[in-house]
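Here the structure comes first, spelled out in structure tokens, and everything after it is commentary.
Because the structure is a prediction, the values reported are computed rather than measured. One-based numbering along the sequence shown. Side chains are part of it too, since the values below use all heavy atoms of this structure and drop only hydrogens, waters and symmetry mates.
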Amino acid sequence: MSGCEEPCRGWGHCAPSPVLLLSLLLTTAPFGLLGEETRQVSLEVISDWLDAPQNLLHVRAVGTNSTLHYVWSSLGPPAVLLVATNTPYSTLSVNWSLLISSDPDGALMVHPKDSIQFSSALVFTRLFEFDSTNTSDAAADSPGKSYPPYSLAEFFWNNITDSLDPATLSVTFQGHPIHDPTGAFANGSLIFRVQAFSRSGRPFQPPRLLHTADTCQLEVALVGASPRGNRSLFGLEVATLGQGPDCPSVQEQHSIDDEYAPAVFQLDQLLWGSLPSGFMQWRPVAFSQKQGSRESAMPCQVSPLYPTLAYVLPQSPIVRAFFGPQSNFCAFNLTFGASTGPGYWDQHYLSWSMLLGVGTPPVDALSPLVLGIMAVALGAPGLMLLAGGLFLLLSHKRHSEYQLIN
């Protein structure tokens, strides 16, 4: 805890640094990591002493024998740290003077250090834009001609303190490019809406991902920005830390049930692999309208993960502060929409959602509607056989009771 003149107290923040603490404690439903049955979830917005819009959001989920820490940041490119510990007393410490320096190593720590069971990070590095005018479904591997990407490290982000919503346990990061010579974002913004949950459930809006109290949801929305083409497709570059020499794996799960996300029968998830494992989970669908209807659904394509040794990623101060210098990053691209539409051009709107968590990823059970259909489909032949058998039995009985008259 370099730079601290007094021992860290309470949540683990160094005493001299002024901290705005907005804490919301609540009891949650059971959810499985390390055998925990209940947790207390808190949202903590941490501002530096300069009162600048350089903010951290700390989501802390405390159980009987473990704690989950999610640290979201708009310092540099948007990023999140995911840390799981085997003690209910683990805390986060932040040294702001070191964090905003050119060498932030050690500025962000979770104590006690030997209690950490899993840790990783996601960094959202670039916003892509493609011209899909001359593409077709036959060229699905290419979304079109690429415009110069927007570096999210060069965005100006709002002060998230004003956006904290205790009722929904959510905070919104809203940003636009610092340099915008074409005025594309004059009336637009890129939004990262983070939400924690007190119990298992589903949001009202599609894609209605099943969440638990050990997960956070991120909704990414592009709203009101002027595209550089008539039929622009947008994409997002996401980087994560590799586990050793290998990149994390992406798995696809398929289902016969699409009640929660109409016409979407697939669930994708990125798994880091260690136990307890971290995961990122999403449906391969985005929406071109805020209502998220079937008519506004558009495909979300994901590229294979690839090492980023060939080029330098924008540096995330919180990732460097927690993990130190790292070179084993892997990245993948998400592309939203197709040239045939629907698309961002409909209403200048795009949204996509994902879950981030530790432990066993939530698994969709068959909905009551599908179970009812299966019961009818499987039960109808049985009922027909039973009815046919009864008919033959009764017919045979009536025939055997008929006596011929001599």
Step-by-step side chain to side chain contact (heavy atoms under 4.5 Å, CB included) determination, Leu152 to Phe192:
CA-CA 12 Å; Leu152 301 188; Phe192 285 72; 4.2 Å; yes
At their closest point, which heavy atom of [X] faces which heavy atom of [Y], and how far apart are they?
{"X": "Gly63", "Y": "Pro88", "result": "O-CB, 3.1 Å"}
{"X": "Leu190", "Y": "Val220", "result": "CD1-CG1, 4.2 Å"}
{"X": "Ser316", "Y": "Ala79", "result": "OG-CB, 3.4 Å"}
{"X": "Ala61", "Y": "Ala213", "result": "CB-O, 4.5 Å"}

Cut-off 3.5 Å, side chains only: do [X] and [Y] have a donor facing an acceptor?
{"X": "Ser353", "Y": "Glu219", "value": "no"}
{"X": "Asn65", "Y": "Asn86", "value": "no"}
{"X": "Ser93", "Y": "His111", "value": "yes"}
{"X": "Trp272", "Y": "Ser120", "value": "yes"}

Tyr306 atom OH, neighbour heavy-atom count above 12 within 6.0 Å
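Enclosed: over 12 neighbouring heavy atoms sit under 6.0 Å from OH of Tyr306.
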Does His179 have more than 12 heavy atoms from other residues, nucleotides or ligands lying within 6.0 Å of its NE2?
no
Separation between [atom1] of [X] and [atom2] of [Y], rounded to the nearest 0.5 Å:
{"X": "Tyr150", "Y": "Arg126", "atom1": "OH", "atom2": "CZ", "result": "14.0 Å"}
{"X": "Trp157", "Y": "Ile178", "atom1": "CH2", "atom2": "CD1", "result": "10.5 Å"}
{"X": "Leu57", "Y": "Ile160", "atom1": "CG", "atom2": "CD1", "result": "5.0 Å"}
{"X": "Leu305", "Y": "Ser249", "atom1": "CG", "atom2": "OG", "result": "8.5 Å"}
{"X": "Asp346", "Y": "Met298", "atom1": "CG", "atom2": "CE", "result": "8.0 Å"}
{"X": "Thr240", "Y": "Leu270", "atom1": "OG1", "atom2": "CG", "result": "6.5 Å"}

Are [X] and [Y] close enough that their ring centers fall under 6.0 Å?
{"X": "His211", "Y": "Phe197", "answer": "yes"}
{"X": "Phe128", "Y": "Phe234", "answer": "no"}
{"X": "Tyr70", "Y": "His58", "answer": "no"}

Output yes when a side-chain donor or acceptor of [X] lies under 3.5 Å from a complementary backbone atom of [Y], and no otherwise.
{"X": "Ser146", "Y": "Phe130", "result": "no"}
{"X": "Asn158", "Y": "Thr172", "result": "yes"}
{"X": "Asp180", "Y": "Ala184", "result": "yes"}
{"X": "Asp268", "Y": "Arg283", "result": "no"}
{"X": "Tyr344", "Y": "Gly337", "result": "no"}
{"X": "Gln326", "Y": "Phe323", "result": "yes"}

Taking the basic N atoms (NZ, or NE/NH1/NH2) and the acidic carboxylate oxygens, is any pair closer than 4.0 Å for Glu129 and Arg228?
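Between Arg228 and Glu129 there is a salt bridge, with a charged N closer than 4.0 Å to a carboxylate O.
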Between Asp103 and Arg320, does at least one N-O distance fall below 4.0 Å, as a salt bridge requires?
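Salt bridge: yes.
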Positive for side chain to side chain contact (heavy atoms under 4.5 Å, CB included) with Glu237, one of Asn333, Leu334, Val123
Asn333
Starting from the C-alpha separation in whole Å, work towards a yes-or-no answer on side chain to side chain contact (heavy atoms under 4.5 Å, CB included) for Thr125 and Gln315.
CA-CA 9 Å; Thr125 51; Gln315 184 180 103; over 6 Å; no
Return the orientation label for the Trp352 and Trp282 ring planes: parallel under 30°, perpendicular over 60°, tilted otherwise.
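Taking Trp282 first and then Trp352, their aromatic rings stand perpendicular (interplane angle over 60°).
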Full working for side-chain hydrogen bond (donor to acceptor under 3.5 Å, both in side chains) between His69 and Thr85:
CA-CA 8 Å; His69 300 269; Thr85 70; 4.5 Å; no
